[in-house]
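Every heavy atom of this structure was used, including side-chain atoms; hydrogens, water molecules and symmetry mates were not. As the structure is a computational prediction, the values presented were derived from the model and not from experiment. Whatever order the structure lists them in is the order used to number ligands and atoms, beginning at 1.
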Amino acid sequence: MRSGGFAMSKYRIAWLPGDGIGNDVMEAARVVLDAVELDAEYVHGDIGWEFWCREGDALPVRTVHLLKTVDAALFGAVTSKPVKAAEAELAPELKRRGFTYRSPIVRMRQLFDLFVCLRPTKAYPGNPLNHKEGIDLVVFRENTEDLYAGVEFGPVPHELATTLKRLAPPFAPFADLPADEYAVSCKINTKRGSERIVRAAFEFAKLHGRRKVTVVHKANVVRATDGLFLEEARKVAKDFAQIQMDDANVDAVCMWLVKNPLAYDVLVAPNLYGDIISDLCAQMVGGLGFGCSGNIGQKLAVFEPTHGSAPKYAGQHKVNPIATILAAKMMLDWLGEREKAQRIELAVSEVIKDGWVRTYDMGGTGSTREMGKAIAAAVGETKPVGVGRR
Ligand SMILES: NC(=O)c1ccc[n+]([C@@H]2O[C@H](COP(=O)([O-])OP(=O)(O)OC[C@H]3O[C@@H](n4cnc5c(N)ncnc54)[C@H](O)[C@@H]3O)[C@@H](O)[C@H]2O)c1
């Protein structure tokens, strides 16, 4: 409980709906959080496209300050556009003043060192979108390094080209290209970054009685960086004798995940491979309406659905809020509110199995609000009324 002269809530949560359907799905998630009676103060934070256009910053400083004062954050979605398109939509008085669009979610990850991207993937029984029943995987994606470190060059500076020519024989075929004929993105993986994400995966496996951690890489080709990741993983595995570790190339994992998802349990990967396999996993259990994630650091965690702002559906209350409701459930787990988290998950599971409310992606006509209310009703152990019936 935070200090003050009057009764304060147990938790302070940053509430970041963002753009487009971010608002629709967050509204539904709030109905469910209220149904479990989480003792929380929800503090709205400005984030997204509107603030880029108006202020030149999609993550305004006041929101960064807010994030420093909260126990956790729930985030909807934002609209992002390539640099030139973003510049074109900037308020006229801000143009040509050196503002550069940067993704607010990537910035939150970097500013608060949210190094774990946790992506649970569960096939809830009866979901018509399940690739196979029984899938229950958890992906740990490293969230701050690798090809997403942001060290990129295009056009390539002469100094860099000269150095690469001198130090890296495989650079020879590119060495004489004009600077604007190619680009270089640096994949940077550290021992510390690799060690801590793999350790987080093993700790999770231990805590939740999982049997195996699969390390995903491409160390046979990308030898320096993925080799380092794999080596650190092998060291960490020695501290968890009761948990099996195996490793596999990312391409093979993609194929095997589709073929035999039940053979996997916890997967851990550097940033880019983690990004790819977690979307693949999400699609096996229902796609964007079901994919949720936690961006977790030592001091702050930001939970979100993995989908974007889907502008074409903005404000229509048509999309599936289950991903956001499951993100809220993850937030409760992280806060230590296990019983409430479990109640939400059971309610989601019951509504999916029951099938009375299904949003369009599940083949139904139910609205975002109807789905939120049905899950909230199931949380309160009241049968949902027959809205949005198939
Ligand atoms: N984390 C984020 O905030 C995030 C993630 C991805 C994309 N984006 C941004 O969102 C904007 C739109 O991107 P996009 O259209 O490529 O991806 P998107 O995820 O917003 O939507 C793609 C399509 O998926 C479906 N969809 C998405 N969410 C759904 C849900 N909850 N229920 C049912 N169907 C759903 C819709 O058909 C939608 O048109 C872009 O500006 C993009 O940069 C943001």
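- The two atoms that bring Met245 and Ala237 nearest to each other are SD-CB, 3.5 Å, heavy atoms only.
- A centroid separation of 6.0 Å or more is found between the aromatic rings of Tyr273 and Phe229.
- With respect to the salt-bridge test (charged N to carboxylate O, under 4.0 angstrom), the residues Lys340 and Asp39 do not qualify.
- The protein residues lying under 4.0 angstrom from ligand 1, judged by non-hydrogen atoms, are Ile21, Phe75, Ala77, Val78, Thr79, Ser80, Leu288, Gly289, Glu304, Thr306, His307, Gly308, Ser309, Ala310, Pro311, Lys312, Tyr313, Val319, Asn320, Tyr360, Asp361.
- Put simply, Ile277 and Tyr148 are part of two different groups of oily side chains (I, L, V, M, F, W, Y) that touch within less than 4.5 Å, one to the next.
- Cluster annotation: Leu346 and Ile325 are assigned to distinct hydrophobic clusters (Ile/Leu/Val/Met/Phe/Trp/Tyr, side-chain heavy-atom contacts under 4.5 Å, transitive).
- Checked for salt-bridge contact, Asp361 and Lys318 miss the test: no charged N lies under 4.0 Å from a carboxylate O.
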